[in-house]
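Below is one structure, written out as structure tokens, with a few remarks after it.
Every chain is numbered from 1, with letters handed out A, B, ... down the list of sequences.
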2 protein chains.
Amino acid sequence: MEEVKTFESICNLLRNRSYKLTPQRQTILQTFLEHVDRHLSAEEVYMLVKHQNPEIGLATVYRTLDILAEIGILLKNDFGDGRSRYEFSRKDEQHHHHHLICLGCGNVSEFDDDLLESLEAVIIKRNQFKIMDHDLKFYGYCSQCGEGH
Amino acid sequence: MEEVKTFESICNLLRNRSYKLTPQRQTILQTFLEHVDRHLSAEEVYMLVKHQNPEIGLATVYRTLDILAEIGILLKNDFGDGRSRYEFSRKDEQHHHHHLICLGCGNVSEFDDDLLESLEAVIIKRNQFKIMDHDLKFYGYCSQCGEGH
DNA sequence: ATGATAATGACAATCCTTTGCAAGTGATTT
DNA sequence: AAATCACTTGCAAAGGATTGTCATTATCAT
């Protein structure tokens, strides 16, 4: 149904959900479109967005990120650094990717794999547990930071 | 080297690391030994411990949990509920187990598997990423909560 | 025992995040 | 285009988990 995520298509999605299309929301959305590969925190979005629109408030950023996550545009992640980080959701992927978190520089990269599906089957049988979602993170050192380790 | 974790062996470990063996630390440790299967938050430990020793302060609980995690007695976990949860570490296991987190009751159960090791090998090759640790969580519904879902 | 030193408890401070509220704005109807 | 009304905003204050401060107290090697 949803093919590509353009600025316009997302604006339509907001309208369809009867969210008003305010300049603040547009600015925040635009910022994410310019950083599709990043995993931004609310504070970071706030800083980026302030360039375009210095009037914007941090609470508005939080509220907008909530909405964008709620309608499936963003994914809210917890990488253990004490703040939530949001990434652009690529709806095309069935099961979302895993994260490689560098203990050196804090950079987050991504990794796709379907190995977990067979694991899920085992868990369902053995533990009588209905799995709705999973979250797999690897902590280590990326190629830039890996020298000393 | 370390066979079984008894109250005494852990006390010795504290002493060896030149931590003083205060009654507060002993009480907290005892509490964990009485709840080896639980994943307790600082607040929960605080409540449990207050029965034994109403004088104890929350800050002391936090400090003690830090120490016990630092010396490898406890593992500090983040299950996404906004607080850290500590579990008794069973040193015998090479790679630590994964967690099944019930979205209904919040209960956390455990799951052992070595499937991730082959995944790690792939990641190391493909992403030039030196893996130090991993963290795998499954969110879903346990057998008690699973009815409606 | 006793002294050096670390640990405690009470409370303030911090950090990220959410909320209350008065004023403002977008979208829709006249 | 103006009126309308619910939704949004920005600000400041409140939350909740955790950490820092500091005077007092307790542990442990001597």
*Using chain A heavy atoms and a threshold of under 4.0 Å, write down where along DNA chain D the contacts begin and end, 5' to 3'.*
D/dA6 to D/dC11
*Provide, to the nearest angstrom, the distance between the NZ atom belonging to B/Lys20 and the P atom belonging to C/dG9.*
15 Å
*Dump the intermediate steps for side-chain contact (heavy atoms from CB on, under 4.5 Å) on B/Ile101 and B/Tyr139, then the final yes or no.*
CA-CA 5 Å; B/Ile101 302 155; B/Tyr139 296 92; 3.6 Å; yes
*Rounded distance in Å - CG (B/Asn53) to C1' (C/dT8)*: 11 Å
*asked:* Within the 4.5 Å heavy-atom criterion, are A/His134 and A/Leu119 side-chain neighbours or not?
replied: no
*Report the end-to-end axis angle of the helix from C/dA1-D/dT30 to C/dT30-D/dA1; each axis comes from five terminal pairs, and the value is rounded to 10°.*
30°
*Where the side chain of A/Lys5 meets the backbone of A/Ser89, is there a donor-acceptor pair that is under 3.5 Å apart?*
yes
_Apply side-chain contact (heavy atoms from CB on, under 4.5 Å) to residues B/Tyr86 and B/Leu75 and explain how you reach the verdict._
CA-CA 5 Å; B/Tyr86 297 81; B/Leu75 290 176; over 6 Å; no
_Donor-acceptor under 3.5 Å (A/Arg25 side chain, A/Thr64 main chain)_ = no
*Non-hydrogen atoms of B/Cys102 and B/Cys142 that approach each other most closely*: SG-N, 3.4 Å
*Can you tell me the distance, in whole Å, between the OH atom of B/Tyr19 and the P atom of C/dA6?*
12 Å
*For atom CD of A/Gln128, decide whether the heavy atoms of other residues, nucleotides or ligands shown that lie under 6.0 angstrom number more than 12.*
no
*What is the minimum heavy-atom distance between A/Arg85 and A/Ser41, and which atoms define it?*
NH1-N, 3.6 Å
*Measuring from B/Glu110:CD to A/Asn127:CG, what's the distance to the nearest 0.5 Å?*
10.5 Å
*Going by heavy atoms closer than 4.0 Å, what residues in residues 21-34 of chain B are next to DNA chain C?*
B/Thr22, B/Gln24, B/Arg25
*Let me see the working for A/Arg17 and A/Glu70 under salt bridge (Lys or Arg N to Asp or Glu O under 4.0 Å), right down to the final yes or no.*
CA-CA 11 Å; A/Arg17 303 292 212 95; A/Glu70 195 247 324; 3.7 Å; yes
*Just do the side-chain contact (heavy atoms from CB on, under 4.5 Å) check on B/Leu103 and A/Met132 with the steps written out, would you?*
CA-CA 9 Å; B/Leu103 298 169; A/Met132 305 299 288; 4.0 Å; yes
_Contact list for residues 15-43 of chain B, test ring pair (Phe, Tyr, Trp, His ring centres under 6.0 Å), sequence neighbours left out_ = B/His39-B/Phe79, B/His39-B/His99
List the atom pairs, with distances to 0.1 Å, where a side-chain N or O of residues 51-63 of chain A and a protein N or O form a donor-acceptor pair under 3.5 Å, not counting sequence neighbours.
unit_1  : atom_1 : unit_2  : atom_2 : d
A/Asn53 : OD1    : A/Glu55 : N      : 3.2

*asked:* Base contacts versus sugar-phosphate-only contacts with protein, heavy atoms under 4.0 Å: please encode nucleotides 12-23 of chain C as B, S and - from 5' to 3'.
replied: ----SBBBB---
*B/Leu68 CG - C/dA7 C1' separation (whole Å)*: 14 Å
